[in-house]
Amino acid sequence: MSKQYEIPVGAQHISLLEPLHFKFTTENEKIISTAANVYYVHRGIEQACCSKFKFRQVSFVVGRVCGLCSISHTTAYSQVAEKLLNLEIPRRAKYLRMLVIELDRIHSHLLCLIHVSENAGFEALFMKTMQYREFSMELLEAICGNRIQYDFSIVGGVARDLKLPVAHEVVGRLKRFKPELDELMDIFMHNWTLSLKNKGSGKITRETAMRLNVVGPFARAAGLAIDVRNETEDLLPWKEVGFEMITGEDGDVHARNIVRLKEIYVSINIIENIINGLPESELVTETKAFPDGEAVVRLEAPRGELFYYAKGNKTQVLERLKIKAPTFSNIAGMVEGFTGNEYGSVPAIIASYDPCLSCTAR
Amino acid sequence: MNKTNGMKTFLKALGNLVKKPVTVKYPFEQTYIPDDYRGLIEFDESLCIWCRRCEMVCPPGAIVFSQDMEGKHTYHYNRAVCIYCTECVRTCPKEGAIYQTAQPASCALKAENINNGWNALFEEALKSRAAYAAEKKRLAAEKAQAAKKDSALTIKQQGKCTNSP
Amino acid sequence: MKKILTSPENLKADIRQFYNETQHHFIVMNAVEMGEQMEIQWFFCDYAHPAEMTCFYMQIPPGTLIPTITGVVSSAWVAEAELSDLMNVDIENTEKGFVLEPDSEAGPLRKKK
């Protein structure tokens, strides 16, 4: 038996963007086992939502759980609160929510690809993708009025309307983005240096993904067709606006990149369909009721399935709110995915998991 | 990599030398701000009906009303605590009393003591309102007492009147 | 959502009978305080369209030892570790200290009496 070494990575590390700690047991550069610690940023948001804030204010609080998927959190909370209030929201509000979720998915997926290319040591691609991503941030700012914290969904509908010049701008910018995305697809598919780091590393099989209940692009790249947009349509009509399931086969870093890039094409398609067929209606359904009973909601955030549980007691303040972020489900799979890889490819693998620790620890 | 492809890359690299940078030189150039940017919240005192709904809905507590002993309200707003969610504008029953501009907020400075100063002001404002309410209650009670005394006096007088032949 | 009542004794058998790796996925565990009792919930969802959710729940007094389901659902250890730290519930084979620092307050998400 050769000598084993324990190498810690994190919570502060040059290749980590989030406070995350892994302890690798290696044997000649090869990882044998991994232990993870993900909770460095517990902020007690669930407790604040159930004690300090009124239920209408909570949709702004949960937006602060995560900066990247803030719209997914606010929308999921708004939906669960609407279930507690027995509220049907206007059609236009549903479509606008989907529009912003998909634009958010584009920028989040591109950010993940940026991290993968940077952590694999490809700085030029990092800069290029960052440049191409800027359009989505500006569009989100034009639609929601804010660059990061959108505060777009509120209990009962959406806060702002999509104005006609902004809609034209969205369509025009997406059209200009498509050739850029083709270029990125070509680089991520065929670039030889990038494939050295990406192909075959961080591999996870479909069976393992199933056994460990992995969600999101991480699971889809391994061939496990799990997407909330494919499974429920009672809250947001995803199939109507042209959702398609994208799955990969290999389950390695390369497959994850390709799944993300292909999902951006689907998102662009969805956004164009929404803008072309946006129904006219009110934006908000008003109610004076208080939340009562318990309800659950699932929503597909950029990183996978987001789950909200809420319980009301006919007062302004909720009894209990439980948030399950996508990365939380992926921890078990993340730990498994390292086994058998070289220690040198760890940064690229971590980035390809797209972990969001502030979501997980809340 | 073949020869033509290498040539293409070389030409592209040469072209990049004379291309404009994609970044904005921020303090000297203005970055992108959309037309309906969520900027500072403005308040129009002449239209306000002092219902305090904006204060009640504000998630971070960036709006507070204080009250002096004559019952006159004063509006306080903290741009550094505000999250620009527009919830106050949406809930306002009187259109135009509180509204959002596209003006971005300026940076908070240390000299402004924006956190602790605001917390103290918030407490003060709540206290001032409680003091006014207590004063009002005391006055009302005094008035009621006086009215009671008055009515008792009249009854007494009436009783005197009826008793005397 | 289907809600199925279970008990600390029957939990493992119930989950083993219900859970099929290729059909369901485990979402998360949750605890809700209901006066004196505490309700512990296990959420599952299937891969079909339309997906149906199943919730196993039990009502126990705080301090009862809850059996672990990691023998059936291997990824459940994350949810169990989180719940035992944040809600201060005792779960079999789960040590406290995964989620919070050792010197932090026990069960920060519990209601303050």
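Chain A is the first sequence line, chain B the second, and so forth, proteins listed ahead of strands; every chain is numbered from 1. Only a predicted model underlies this, so the values are computations on that prediction, with no experimental measurement involved.
Here the OG1-CD distance, from Thr232(A) to Glu52(C), works out to 13.0 Å after rounding to the nearest 0.5 Å. If you take OG on Ser75(C) and CG on Asn330(A), they are separated by 10.0 Å, rounding to the nearest 0.5 Å. Here Thr22(C) contributes atom OG1 and Leu224(A) contributes atom CG; the two are 10.5 Å apart, rounded to the nearest 0.5 Å.
The shortest side-chain heavy-atom distance between Trp77(C) and Ile331(A) falls under the 4.5 Å cut-off. Counting heavy atoms from C-beta outward, Met34(C) and Lys311(A) have side chains that approach closer than 4.5 Å. Side-chain atoms of Gln47(A) and Pro108(C), non-hydrogen and from C-beta on, never get closer than 4.5 Å to each other. With contacts defined as side-chain heavy-atom distances shorter than 4.5 Å, the pair Tyr309(A)/Val32(C) qualifies. Contact check for Ile27(C) versus Ser329(A): no side-chain heavy atoms found under the 4.5 Å cut-off. Considering only heavy atoms from C-beta on, Val73(C) stays 4.5 Å or farther from Arg211(A) through its side chain. Looking at Lys322(A) and Phe43(C), their side chains never come closer than 4.5 Å, going by heavy atoms from C-beta outward.
Neither the backbone nor the side chain of Ala295(A) comes within less than 4.5 Å of any heavy atom of chain C. Only the side chain of Met87(C) comes within contact range of chain A, with heavy atoms under 4.5 Å apart. Heavy atoms closer than 4.5 Å to chain A are found in the backbone of Ala31(C), but not in its side chain. Only the backbone of Asp46(C) comes within less than 4.5 Å of a heavy atom of chain A; no side-chain atom from C-beta onward does. For chain A, the nearby part of Cys45(C) is the side chain; its heavy atoms alone come within less than 4.5 Å. Of the atoms belonging to Glu305(A), it is side-chain heavy atoms, and not backbone ones, that fall under 4.5 Å from chain C.
In plain terms, the two heavy atoms of Tyr19(C) and Met210(A) that are nearest each other are OH-O, 4.3 Å.
Within 6.0 Å of atom CD in Gln37(C), more than 12 heavy atoms from other residues, nucleotides or ligands are found, so the atom counts as buried in its surroundings. Taking a 6.0 Å sphere around NZ of Lys239(A), one finds it holds more than 12 heavy atoms contributed by other residues, nucleotides or ligands. The environment of Lys23(A) atom NZ is sparse: at most 12 non-hydrogen atoms of other residues, nucleotides or ligands sit within 6.0 angstrom.
At a threshold of 4.0 Å, the pair Glu82(C)-Lys324(A) does not count as salt-bridged, since none of the basic side-chain nitrogens sits closer than that to a carboxylate oxygen.
For the pair Arg320(A) (side chain) and Glu33(C) (backbone), a donor-acceptor distance under 3.5 Å is absent. Without hydrogens or angle criteria, Asn213(A) side chain to Phe26(C) main chain gives a donor-acceptor distance under 3.5 Å.
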Glu207(A) and Glu21(C): CA distance, side-chain angles, deciding distance, side-chain contact (heavy atoms from CB on, under 4.5 Å) verdict: CA-CA 9 Å; Glu207(A) 284 66 41; Glu21(C) 224 170 74; 6.0 Å; no

